[in-house]
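Chain letters run A, B, ... following the sequence lines, proteins first and then strands; every chain starts at 1. Keep in mind the model is a prediction, meaning the values are calculated, not measured.
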Amino acid sequence: MANQFDEDEFMLEDYGSNPRPHQSRISASREPERRRLIDPEKYLEHLTQAWVNERAAPEILPYEQEAVQGLLDKIDQQLGVIDDLDEGNDSAIILLIIYQTELERVKYVLRGYLRARISKIERFGQYLLESNEMKSRLSPAEQTYVESYIRLTMKHFNSSFLNEFPPSLQQQDDVVFDRRISMVSKPNLSEAVFCRVVKPIGDWELDAEETVVLAPGQIYIFRYEHIRPLLLQGQVELI
Amino acid sequence: MYGDEASKLAREAKRTIDHFPPYNDSLVRSITREVKHLHETCQVLIREFRILEAQLREEAELLMASSSTTTAAVAAAASSSSSATTFGEPTTAGSSNHPPEESTLVPSSLTSSSSSALRSEAQLRAEMQRQTQIFWTKYLVHYIPMQRNKRILMAYHHQRLEKIKEIAWAFNTLPEDTLLQTTSSTGMGAAGSASGSGSRMSAAGGSTSGGGAGTARLLSPDERVFFDEYERNRNRYLSQFGEIELGLGLMAHPPKDVFITVRVLRDCGDIVTESGATLSLKKNSEHFVKRSDVEGLITQGYLLHVA
């Protein structure tokens, strides 16, 4: 039982004539990892959690290059499996439906993750471009995306009305009045988030006065900035 | 009143938050005009204040000079009256003829300063402070509406851009008819408000599609340019996934079934499915199809998801 299922999260089992030809290709194509490796079986689980984190965190999180690419490869592989199914066979039809349902769900998670990122990228575009650290959290495609997106919106505001304005009013990044509302939207890092502790952390210093003992399984509500480092290290997850 | 036009636009933006009205070009233009006018007024105010300031300073210097040398105070009565008019004048003077006026003012203040007995240093300072206050009040009255107008214009255009982006993700193109009232409930942010908004949407759709105008007509020329370039940017982003069709635009609901039954509400001709088969979708027919093949058509209102 264990042997049969541990190969792949969503490849139910090997179907007859297709002796998993892609497996070696996947592991070969994965570049040597700089960060912790993700178990290929856990790609989907990992990305689902990344999606939840991304939606709950106020700022953009590092791009899950490995999981996204891994899942894309698997989708590709699974499409191959589906193509090879013998349509005439009754059991093949059932398998086909199961495979495709699985596939749609994986795609759903993927696009949910990517769209969540895109929406944040558009919202904080200017801010992301100003900081190298933030920029490094984007995938190359996202970087080009945000650059041209910012160029586009600026151009649009300019040609719609700002061009007509006196030069002193033409910037798009000023701070409005004394209220200090900047036109560049920034993520609010002190937003409250719910998080679940996944690794034993022990004493965690929230600020000068407060220290909490964090043990796995506990659920807390914190200011995002306080647990930011833990989230980036994967020691807590957002819910 | 300053800012009236802008507040009209702000109210319009708020009122139309869940549908997509045509671009309000005339209002945007008149606000832009108002900003230009305000800016000119501000410039005039600044120039006038500078001149006034220079005069007062000059007067103060002369006062110092005259008090030290104690020159004879002559023609006191005549010049004191002229000095009074000097102070009243620059604020009402037009901005057009500054250089000549300045040159005429300087001698008059010269003569007035010789009557230093009338204007002590303290008085001068008080006058300076008063004028500064007047200037700042006037300036702020013109400056703040300018800032406010800009903010409202930014917000208005931003709100429209968000709508346009929603359309881009859902349709990939500018739809021919005004079906986009439905998009605001399918956009990813609005997923929660989807229930119950249907009837409101369709009512709004009815009123705008009465004219039979395509979506493109609701956009300003600049917005159309934005749409095209946004599309191009989006497609470049999507191209990184190569062959795999992720359907990034479709976010409505998590997929529960692969195959669904749909009823065709409007003829959409033949479509080719992912597997290569052709599907002929005639009005009022029902089909059992793969969800991902027709999801876009459901979003666009051509098909109805029956079961």
Legend entry - Choice from A:E122, A:Q69, A:R151, A:K155 maximising heavy atom contacts with chain B below 4.5 Å: A:E122
Legend entry - Residues B:F227, A:H156; criterion ring pair (Phe, Tyr, Trp, His ring centres under 6.0 Å); working and verdict: CA-CA 10 Å; B:F227 183 88; A:H156 177 69; over 10 Å; no
Legend entry - Ring geometry between A:Y127 and A:F124 (parallel below 30°, tilted from 30 to 60°, perpendicular above 60°): perpendicular
Legend entry - Pairs of heavy atoms under 4.5 Å with chain B: top-ranked of A:V68, A:V109, A:T153: A:T153
Legend entry - Contact winner vs chain A - B:E223, B:Q43, B:R33, B:M146, heavy-atom pairs under 4.5 Å: B:E223
Inset, instruction - Determine whether the side chains of A:R123 and A:S119 contain a donor N or O and an acceptor N or O closer than 3.5 Å. - result: no
Inset, instruction - Please flag which part of B:E40 lies under 4.5 Å from any non-hydrogen atom of chain A: side chain, backbone, both or neither. - result: neither
Inset, instruction - Select, from A:L162, A:T144, A:I118, the one with the greatest count of heavy-atom pairs under 4.5 Å involving chain B. - result: A:I118
Legend entry - Results of ring-ring contact (aromatic ring centres under 6.0 Å, His included) for B:Y139 - residues two or more places apart only: B:F135, B:W136, B:Y143
Inset, instruction - Hey, can you tell me if B:H157 and A:F157 have their rings parallel, tilted or perpendicular (30° and 60° cut-offs)? - result: perpendicular
Legend entry - Engaged part of B:L153 at the chain A interface, taking heavy atoms whose separation is under 4.5 Å: both
